[in-house]
Protein chains: 2
Amino acid sequence: MEKQTITIYDVAREAKVSMATVSRVVNGNANVKQETKEKVEAVIERLGYRPNAVARGLASRRTTTIGVVIPDVTDHYFAELARGIDDVAAMYHYQIILANSDESDTKELQVLENLLSKQVDGIIFMGNLIDDDIRKEFAKADVPIVLAGSVDDVTAQPSVNIDYTSAIGEATTKLLKNGHKRVAFVTGSLDHGINREYKLKGYMNALAVAGVDYDESLVIQGDYDYQSGYQMAEMVRDAKATAAVVVNDEMAAGLLNAMTDAGVKMPEDFELITNNNSKLAVMTRPQMSSITQPIYDLGAVAMRMLTKLMNREELAVKNIILPHGYVDRDSTKQ
Amino acid sequence: MEKQTITIYDVAREAKVSMATVSRVVNGNANVKQETKEKVEAVIERLGYRPNAVARGLASRRTTTIGVVIPDVTDHYFAELARGIDDVAAMYHYQIILANSDESDTKELQVLENLLSKQVDGIIFMGNLIDDDIRKEFAKADVPIVLAGSVDDVTAQPSVNIDYTSAIGEATTKLLKNGHKRVAFVTGSLDHGINREYKLKGYMNALAVAGVDYDESLVIQGDYDYQSGYQMAEMVRDAKATAAVVVNDEMAAGLLNAMTDAGVKMPEDFELITNNNSKLAVMTRPQMSSITQPIYDLGAVAMRMLTKLMNREELAVKNIILPHGYVDRDSTKQ
DNA sequence: GTGAAAGCGCTAACAC
DNA sequence: GTGTTAGCGCTTTCAC
């Protein structure tokens, strides 16, 4: 079932014009007489002609495609970010190549290489860990790259984030004010810059302000998933924590369930604040109090930023910080 | 910061060989002397040459890229399916363009058009509703297309699914056997063939076998999300149902929470079985009994099937049915 | 307003 | 084992 592919040349011949004219019509170039335009469009319709994006990309050196590197599609935080990106991309008529990096360094590099070889016009990068290999790849790229929900202090890559330090700090402070002396900080790996340089600092700042000593045993590192959160409950209890700030909703749900399964009453005996306010936060019982992040907007704004960069427009602000908030639910008192 | 792009021609000149030889080295063609090969590789390394996939695609008419149409990345069922696809694709050195269709017909069509114009070598399509417009697009495509977790009786498109009818039937039967006379069937829109032609039939079959009359008011249609499930609780209670089979975990979680929030005891006063056994099923309290589906495998097998099709291999079975199961948890008795 | 022709960077015969 | 040479299907000067 080999279909013969119909090309711009076929259209030109049938419409008795040149390829150049067909190209102009297809690309909405104004310099075509209305009459010619209609004639060409009729032939396109009749023949079922569909421009070959690959040839177009080669000739014009623009693919109207952008690459999106995502650590894991099944992670709701990043999936939501991706939706924001996708919607704005569609608005600007860009298509998206969503590439899973598996949170693995080698895969991330490879995926970036692939994207670049595909001649994408720009890249949005999401990832918890940005190391020198990746930075090198960023530097080699000849297209704009923006980070979404991801930080890197070394390269001053354009980025869109919230103020993680303040957000975590405020949550910690709330718990401290509620009288807790031992507040656990349940985080992803501290190898990840976003945890080490931002979130942990927020936690430590809050302790310092409250005059509470920092105790390393209260900082518990996990894997960002439910299972991991469930298992960490034991460590949280061993550390004699009476409250916790958790950086991710799945881990928080795991911790919460493990606690209540063990007979701990929330919020009476244990208080918890999570970080992403994804729909998971309202699915647990008790529902989880949470820092609120404009996750979808993080993606949308990053994509908008990228369109500007691709048009060589100047950026007013290179590292955008979107506002965050807090919502009280049933895993905290009052 | 315009980088000069370095091409195969530059490599050839520097290595004092022809473009053809460089091409052979890059593509791992055996017909190159070891010595030449090493020389060329050294130059590639030194110059930082990266083959242009667009040019390659145009010249060879193969892009080693496949398109994946997904209704919604933030839907966990499809995200998990996508992971299965992605992993197998990586194994066979195919890259993936993940395209969101938003469950909207127009977007689905447009997305298919885009993918085809990008000259993808194959497509995996996921979607709840396959109508004539889409079938027309399938027919026009000159590359293989396989359906994953999606059905269409009209075209006999290759596909990978489970036996939805039996799965829902078994779940319904279990509830009936537990003594329930009024079992609700909570589903997505019956406009979606997969619900109307498969799942609903399973429900009805089970009723027939048990000699229970079909009551339309017990079939309740929702939106596949938590919110929708939560709201449907009222209709479920109005219909005087004492148990429910739900086609999707998010809706099930919503229904479950709405019930328990209203003081209904589960499983004593109400029993529930959900359909996807995603991680959500163990996050709720009580945990949900569920039909089990090999979701990841559905994707993996579909991708494997596509690789065969792309190699023009014969398929032993065109419409693959993977086995399903059932797991008892706390939303059902015993 | 329209056409001719030169590439874009690569692969794939085909020749040697 | 290696080089030569046509294209792949389109955009884009540059003429007219």
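Below, chain A is the first sequence line, B the second, and so on; all start at residue 1.
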Legend entry - Y224(B) versus E103(B), side-chain donor and acceptor atoms under 3.5 Å: no
Legend entry - Interatomic distance, D10(A) CG vs dC8(D) P [rounded to whole Å]: 11 Å
Legend entry - Non-hydrogen side-chain atoms of V68(B) and I123(B) separated by less than 4.5 Å: no
Legend entry - N-O pairing of R46(A) and E14(A) below 4.0 Å: yes
Inset, instruction - In plain terms, say whether D86(A) and R83(A) are close enough for a salt bridge, that is, a side-chain N and a carboxylate O under 4.0 Å apart. - result: no
Inset, instruction - Report, as a single string ordered 5' to 3', how protein heavy atoms within less than 4.0 Å touch nucleotides 6-16 of chain C: B base, S sugar-phosphate only, - not at all. - result: -BBBBBBB---
Inset, instruction - For the helix from dG1(C)-dC16(D) to dC16(C)-dG1(D), measure the angle between the helix axis at one end and the axis at the other, each built from five pairs, rounding to 10°. - result: 30°
Inset, instruction - Compute whether any side-chain donor of one residue and acceptor of the other, for T63(B) and K118(A), lie under 3.5 angstrom apart. - result: no
Legend entry - Candidates E38(A), Q34(A), K33(A) - the one meeting side-chain contact (heavy atoms from CB on, under 4.5 Å) with T36(A): K33(A)
Inset, instruction - Check DNA chain C against residues 31-46 of chain B and give the residues with a non-hydrogen atom under 4.0 Å, in numerical order. - result: none
Inset, instruction - Return no unless some side-chain N or O of T21(B) is found under 4.0 Å from OP1 or OP2 of dG3(D). - result: yes
Legend entry - Side-chain touch T7(A)/N52(A), heavy atoms, less than 4.5 angstrom: no
Legend entry - Carboxylate-amine/guanidinium proximity below 4.0 Å for D87(B) and R304(B): no
Inset, instruction - Calculate the interatomic distance between N29(A) atom CG and dG3(C) atom P; express it in whole Å. - result: 13 Å
Inset, instruction - For the residue pair T155(B) and D152(B), confirm or rule out a side-chain donor-acceptor distance under 3.5 Å. - result: yes
Inset, instruction - Starting from P on dG9(D), measure out to CG on D142(B) and report it in whole angstrom. - result: 11 Å
Legend entry - Salt-bridge criterion met for D142(A) and R50(B) (N-O under 4.0 Å): no
